[in-house]
Trainee: 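Sharing a structure, written as structure tokens. Questions coming.
Atoms within a ligand are numbered from 1 in the order they appear, just like the ligands themselves. Keep in mind it's a predicted model, so treat the numbers as computed, not measured. No hydrogens, no waters, no symmetry mates; every other heavy atom, side chains included, goes into these values.
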Amino acid sequence: MDTEVLIIGAGAAGIAAGRRLRAVGRSCRVLEAGGRLGGRAWTDTASLGAPFDQGASWIHVAERNPLTPIARAMGFTLRDERRRVRDILLVGGRRASAAERAAHDAAAEVWEAAAAARLAAGGPDIPLAEAVPRDGPWDATLSHWFSAIISGVEAERFSLRDYVATALDGANLQVAEGFGTLVARLGEGLPVTLQAPVARLRWGGDGVAAEGPWGVLRARAAIVTVSTGVLAAQGIRFAPDLPEAVQAAIAGLPQGLLSKIALRAAGAGRLGLGPFARLGRRVEGPGDHPMSWMLWPWGRDQAVGFIGGEAAWALAREGPAAAEAFARAELARYFGAAEVDRSFASGAVVTGWAEDPLFRGAYSHARIGCHGARAVLRDAALAEGRLRFAGEACHTRRAGTVGGAWESGERAAEAVSAALAGKPAA
Ligand SMILES: Cc1cc2nc3c(=O)[nH]c(=O)nc-3n(C[C@H](O)[C@H](O)[C@H](O)COP(=O)(O)OP(=O)(O)OC[C@H]3O[C@@H](n4cnc5c(N)ncnc54)[C@H](O)[C@@H]3O)c2cc1C
């Protein structure tokens with residue numbers, strides 16, 4: 001054997017698993033297909049002249065997130081970000097009045113309460129869209145915001161049970177140095193091999209063998225942390241095939257998409273807005289997909305636009321030039337096209353999570369009726385508990401987050417370690 005445990009993927013789950021195995025005295029090797037640590041937590045320090053999180057940027061549910069105390073202890077600079085407070089909220093072509101803002105906030109409370117109440121009423125799983133109000137002036141906007149943007153999928157295709165179970169609450173912290181910087185630093189010192197894609201994983205009674213263009217590595221156990229998008233696309237071939245229940249769980253947890261389109265200010269003017277300014281607008285009719293914006297985070301000259309769901313998939317297919325044009329047209333609704341041309345340099349940074357075969361989307365959601373799939377994947381204990389899955393999709397409460405991926409990685413490491421010791425899995 002080359003090592004006790006192979007970990008496939010050096011994102012948050014893989015790093016957490018490696019650290020936990022090291023802590024309990026097990027040897028491991030992390031095989032990462034890409035050229036860096038952190039996976040979907042990636043701080044790009046090159047493109048915009050200051051840290052820019054291409055993937056995760058908020059430490060969600062900060063009060064219970066394992067990375068909050070770690071970030072504080074490591075001296076990272078954190079900022080509490082309130083939900084839903086928008087510096088500009090547009091209605092048609094104008095700014096919302098105080099009464100309209102109050103109506104928006106009240107409708108948001110009703111929207112969220114309706115989803116929870118419908119779930120509590122029992123019955124089979126239904127699309128989130130059927131559980132929430134649809135006829136009020138803000139309802140389409142709230143579905144767009146909570147589902148398409150935050151969860152990366154339209155409410156029509158999102159399991160109500162999964163939405164409620166994985167909804168984010170509590171504080172959100174931003175990291176000045178970048179959330180990706182934090183995750184990557186936590187992987188330093190682990191035995192990681194970069195540029196080592198695993199093409200095939202053989203598993204059976206006598207252990208596991210990972211194969212790739214770089215060669216073969218054998219171990220007593222393995223933890224697979226690649227996204228469900230990668231698993232569904234057979235980015236790794238398993239021999240023998242995965243059991244049908246595991247394949248069904250993977251198919252039930254497709255990746256949604258959240259994309260960021262970031263522009264850089266051309267001069268010192270800041271459109272009259274302070275650091276961390278938030279912009280959003282009402283959905284103006286069917287087929288309207290507003291972006292959500294954060295301007296000048298940490299006083300930097302960056303404007304970061306968010307687009308999620310089917311509009312994001314469409315832009316990913318059309319390419320970065322179309323995405324930049326879309327983002328500029330969105331900003332022009334607030335400031336006018338001439339002001340946008342004056343205020344922003346040409347050239348945008350457009351994230352590519354959909355197109356990248358190492359990710360194939362942003363994070364997972366459950367299809368209607370597939371809310372139990374996360375537990376199936378989390379609890380799959382193949383080869384007598386020596387082949388396990390971990391990652392954001394395997395967390396039943398904090399799916400889609402770095403904190404969820406982290407806890408999932410730790411849990412899988414403990415389970416694999418117990419299996420190697422001949423103890424029943426926790
Ligand atoms: C745009 C965007 C914004 C987000 N915002 C937030 C946020 O604000 N807060 C938050 O908590 N979360 C956020 N998330 C989600 C968060 O980034 C993920 O949930 C989390 O990082 C997933 O970690 P993971 O370890 O499960 O998977 P990954 O990070 O995907 O790690 C898996 C690793 O496996 C590697 N890999 C793939 N195929 C192979 C192969 N064949 N062989 C070897 N290695 C392979 C990949 O390169 C990757 O490094 C966001 C994600 C995106 C995309």
Trainee: For ligand 1, note which part of R40 has a heavy atom under 4.0 Å away: side chain, backbone, both or neither.
Mentor: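 The answer is both.
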
Trainee: Give the C-alpha distance, both sets of side-chain angles, the deciding distance and a yes or no for salt bridge (Lys or Arg N to Asp or Glu O under 4.0 Å) between R95 and D87.
Mentor: CA-CA 10 Å; R95 295 190 184 203; D87 298 79; over 6 Å; no

Trainee: As a quick check of understanding, evaluate salt bridge (Lys or Arg N to Asp or Glu O under 4.0 Å) for R157 and E310, giving each step before the final call.
Mentor: CA-CA 11 Å; R157 294 198 300 283; E310 59 192 32; 3.7 Å; yes

Trainee: Check this for me - ligand 1, Q54, N or O atoms closer than 3.5 angstrom, yes or no?
Mentor: no

Trainee: Taking all heavy atoms of L190 and all of L186, pick out the closest pair and write down the distance.
Mentor: CD1-O, 4.4 Å

Trainee: Measuring from R386:CZ to W203:CH2, what's the distance to the nearest 0.5 Å?
Mentor: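 CH2 of W203 is found 11.0 Å from CZ of R386.
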
Trainee: Any idea which protein heavy atom is nearest atom 34 (O) of ligand 1, and the distance to it?
Mentor: G9 CA, 3.2 Å

Trainee: Show which atoms of ligand 1 fall inside a sub-4.0 Å distance from at least one heavy-atom site of G11.
Mentor: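 Going through ligand 1 atom by atom, the ones under 4.0 Å from G11 are 25 (O), 29 (O), 31 (O), 33 (C), 49 (O).
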
Trainee: Let me see the working for Q302 and S47 under side chain to side chain contact (heavy atoms under 4.5 Å, CB included), right down to the final yes or no.
Mentor: CA-CA 11 Å; Q302 303 171 352; S47 307; over 6 Å; no

Trainee: Between A33 and ligand 1, does any nitrogen or oxygen pair lie at a separation below 3.5 Å?
Mentor: yes

Trainee: If hydrogens are left out, which of L258, D356, V183, V198 has an atom nearest to atom 1 (C) of ligand 1, that is, the closest non-hydrogen atom?
Mentor: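 When every heavy atom of L258, D356, V183, V198 is considered, L258 comes closest to atom 1 (C) of ligand 1.
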
Trainee: Between ligand 1 and A12, is the shortest N or O to N or O distance under 3.5 Å?
Mentor: yes

Trainee: Report yes or no: does a heavy atom of I236 sit under 4.0 Å from some atom of ligand 1?
Mentor: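 I236 counts as a contact of ligand 1 under the 4.0 Å cut-off.
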
Trainee: For T351 and K260, indicate whether the former's side chain and the latter's backbone hold a donor-acceptor pair under 3.5 Å.
Mentor: yes

Trainee: What is the nearest protein non-hydrogen atom to atom 26 (O) of ligand 1, stated with its residue, atom name and distance?
Mentor: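 Protein heavy atom at minimum distance: E392 N, 2.9 Å.
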
Trainee: Would you check if the side chain of T228 reaches a backbone N or O of L253 as a donor-acceptor pair within less than 3.5 Å?
Mentor: yes

Trainee: Of the protein's non-hydrogen atoms, which lies at the shortest distance from atom 15 (C) of ligand 1, and what is that distance?
Mentor: G400 O, 3.2 Å

Trainee: Taking 4.0 angstrom as the limit and counting only heavy atoms of G391, give me the atoms of ligand 1 inside it, by number and element.
Mentor: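 Counting from 1, the qualifying ligand atoms are 26 (O).
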
Trainee: Could you say whether the N/O atoms of W353 and ligand 1 ever approach to under 3.5 Å?
Mentor: no

Trainee: Any side-chain heavy-atom pair from L315 and I261 closer than 4.5 angstrom?
Mentor: yes

Trainee: For P197, counting its heavy atoms only, list the atoms of ligand 1 lying under 4.0 Å from any of them.
Mentor: 42 (N)

Trainee: Which protein heavy atom lies closest to atom 35 (C) of ligand 1, and at what distance to 0.1 Å?
Mentor: E32 OE1, 3.3 Å

Trainee: Any atoms of ligand 1 less than 4.0 Å from a non-hydrogen atom of L31? List them with their elements.
Mentor: 43 (C), 44 (N)

Trainee: Any sub-3.5 Å donor-acceptor pair from S159's side-chain atoms to C370's backbone N or O?
Mentor: no

Trainee: One pair to check against side chain to side chain contact (heavy atoms under 4.5 Å, CB included): F389 and L242. What are the steps and the verdict?
Mentor: CA-CA 12 Å; F389 294 88; L242 294 174; 3.9 Å; yes

Trainee: What residue and atom, counting heavy atoms only, is the protein's closest point to atom 39 (C) of ligand 1, and at what distance?
Mentor: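 Looking only at protein heavy atoms, the one closest to atom 39 (C) of ligand 1 is V226 CG1, 3.5 Å.
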
Trainee: Under 3.5 Å, side chain of R202 to main-chain N/O of V208, donor-acceptor pair present?
Mentor: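 No; zero donor-acceptor contacts below 3.5 Å.
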
Trainee: Is a donor on one side and an acceptor on the other found under 3.5 Å between the side chain of W214 and the backbone of P197?
Mentor: yes

Trainee: Are S227 and ligand 1 in contact, using a heavy-atom cut-off of under 4.0 Å?
Mentor: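 No; S227 lies far enough from ligand 1 that no heavy-atom distance drops under 4.0 Å.
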
Trainee: I need the nearest protein heavy-atom contact for atom 5 (N) of ligand 1: residue, atom name and distance, please.
Mentor: A56 CA, 3.2 Å

Trainee: Heavy-atom distances under 4.0 Å decide this one: backbone, side chain, both or neither, for T401 against ligand 1?
Mentor: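 Both backbone and side chain.
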
Trainee: How about W42 and F179: are their ring centres within less than 6.0 Å of each other?
Mentor: no

Trainee: Quick one: does K260 get an N or O within less than 3.5 Å of an N or O on ligand 1?
Mentor: no

Trainee: Heavy-atom distances under 4.0 Å decide this one: backbone, side chain, both or neither, for W58 against ligand 1?
Mentor: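 Both backbone and side chain of W58 come within 4.0 Å of ligand 1.
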
Trainee: Can you tell me the protein heavy atom closest to atom 16 (C) of ligand 1 and the distance?
Mentor: V402 CG2, 3.8 Å

Trainee: Which of these, L358, I8, L168, has its nearest heavy atom closest to atom 37 (C) of ligand 1?
Mentor: L358

Trainee: Could you say whether the N/O atoms of S57 and ligand 1 ever approach to under 3.5 Å?
Mentor: yes

Trainee: Counting only nitrogen or oxygen atoms and a 3.5 angstrom limit, does A13 reach ligand 1?
Mentor: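 Such a contact does occur with ligand 1.
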
Trainee: Is it true that a side-chain atom of R26 and a backbone atom of S417 form a donor plus acceptor pair closer than 3.5 Å?
Mentor: yes

Trainee: Pull out every atom of ligand 1 sitting under 4.0 Å from any heavy atom of Y363, numbered as shown with elements.
Mentor: 4 (C), 14 (N), 15 (C), 50 (C), 51 (C)

Trainee: R264 side chain to D301 main-chain N or O, any donor-acceptor pair under 3.5 Å?
Mentor: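 Answer holds: no.
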
Trainee: Evaluating non-hydrogen atoms only, which member of A405, A10, G256, P357 is closest to atom 23 (O) of ligand 1?
Mentor: A405

Trainee: Can you list the ligand 1 atoms lying under 4.0 Å from a non-hydrogen atom of G39?
Mentor: 29 (O), 48 (C), 49 (O)

Trainee: For the backbone of I368 and the side chain of D125, can you confirm whether one donor and one acceptor N or O come within less than 3.5 Å of each other?
Mentor: no

